[in-house]
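Contents: one structure, followed by commentary.
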Amino acid sequence: QVQLVESGGGSEQAGGSLRLSCAASGITYNDYCIAWFRQAPGKKRERVASIYTSFGNTRSPASYADSVKDRFTVSQDNADNTLYLQMNSLKPEDTAMYYCAFKRWSCTSRSGDFGIWGQGTQVTVSS
């Protein structure tokens, strides 16, 4: 059974950086997507970035929401199935609970397509 555990959230000032980690275990599939989503109070859950892996290798460039392009970078350590989200030039509007999520096959941006979620990690950015 796939399990996801996020870490690395915290508080940071605008312009600062944080790196989130998502440790994935129990993955026995050859093709899958792991994505980062975020949800701010009163707002819909938003896909931030996603990465598709096939037979142990990243098969396509990572995909990003327009709101984080050129500021956030997602990467994956295939050796231990850890997904990272490097967040630079943070803005107050990046404040949210951040989740990693898993689905089989290719990536989509719809949260309903992802069946397995971590518990989330809070990111708070002050101005």
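The model shown is predicted, which means the values in this text are computed figures rather than measured ones.
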* **Side-chain donor/acceptor of Q76 to backbone N/O of L83, under 3.5 Å** => no
Sequence neighbours excluded, the answer for salt bridge (Lys or Arg N to Asp or Glu O under 4.0 Å) partners of R71 is D94
Exercise. Walk me through it: do Q119 and V5 pass the test side-chain contact (heavy atoms from CB on, under 4.5 Å)?
Key: CA-CA 7 Å; Q119 81 286 353; V5 178; 4.3 Å; yes
Extract all donor-acceptor atom pairs below 3.5 Å that involve side chains of residues 42-49 and protein atoms in other chains or at least two apart in sequence.
residue	atom	partner	partner atom	Å
R45	NE	Q39	OE1	3.1
R45	NH2	Q39	OE1	3.1
E46	OE1	R38	NE	2.8
E46	OE1	R38	NH2	3.3
E46	OE2	S67	OG	3.2
R47	NH1	S50	OG	3.1
R47	NH1	S63	O	3.0
R47	NH1	S63	OG	3.3
R47	NH2	S63	OG	3.2

So salt bridge (Lys or Arg N to Asp or Glu O under 4.0 Å) across residues 104-123, not counting sequence neighbours, yields R110-D113
Rounded to the nearest 0.5 angstrom, the NZ-OG1 distance for K103 and T108 is 5.0 Å
Here the gap from L18 atom CG to N88 atom CG, rounded to the nearest 0.5 Å, amounts to 9.5 Å
Between the SG atom in C22 and the CD1 atom in I34, the distance rounded to the nearest 0.5 Å is 5.5 Å
Residues 67-87 vs ring-ring contact (aromatic ring centres under 6.0 Å, His included), sequence neighbours excluded, gives none
I116 meets the side-chain contact (heavy atoms from CB on, under 4.5 Å) criterion, sequence neighbours left out, with V2, L4, F102
The side-chain hydrogen bond (donor to acceptor under 3.5 Å, both in side chains) partners of K91 (sequence neighbours excluded) come to none
Applying side-chain hydrogen bond (donor to acceptor under 3.5 Å, both in side chains) to D70 and not counting sequence neighbours gives none
Apart from F114 itself, its cluster of hydrophobic side chains linked below 4.5 Å comprises F37, M97, Y99, W117
Practice prompt. Taking the side chain as every heavy atom from C-beta outward, state whether Q86 and S17 have any atom pair closer than 4.5 Å.
Written response: yes
Residue set satisfying salt bridge (Lys or Arg N to Asp or Glu O under 4.0 Å) with D80, at least two apart, ordered chain then number -> none
With a 4.5 Å cut-off on side-chain heavy atoms, are T53 and D31 touching? no
As a quick check of understanding, evaluate side-chain contact (heavy atoms from CB on, under 4.5 Å) for Y98 and Q122, giving each step before the final call.
CA-CA 6 Å; Y98 284 71; Q122 177 68 39; over 6 Å; no
Contacts of Q13 meeting side-chain contact (heavy atoms from CB on, under 4.5 Å) (sequence neighbours excluded), chain-then-number -> S126
Please test L20 against M87 for side-chain contact (heavy atoms from CB on, under 4.5 Å), starting from the C-alpha separation and ending with a verdict.
-> CA-CA 8 Å; L20 306 184; M87 306 186 295; 3.8 Å; yes
In short, S127 meets P92 closest at the heavy-atom pair CB-CG, 3.9 Å
Applying side-chain contact (heavy atoms from CB on, under 4.5 Å) to S7 and not counting sequence neighbours gives S21
Tightest non-hydrogen contact, residues A62 and V74, listed as CB-CG1, 3.1 Å
N30 meets the side-chain contact (heavy atoms from CB on, under 4.5 Å) criterion, sequence neighbours left out, with F55
Kindly indicate whether the side chain of T95, heavy atoms from C-beta on, has any atom under 4.5 Å from the side chain of V123.
no
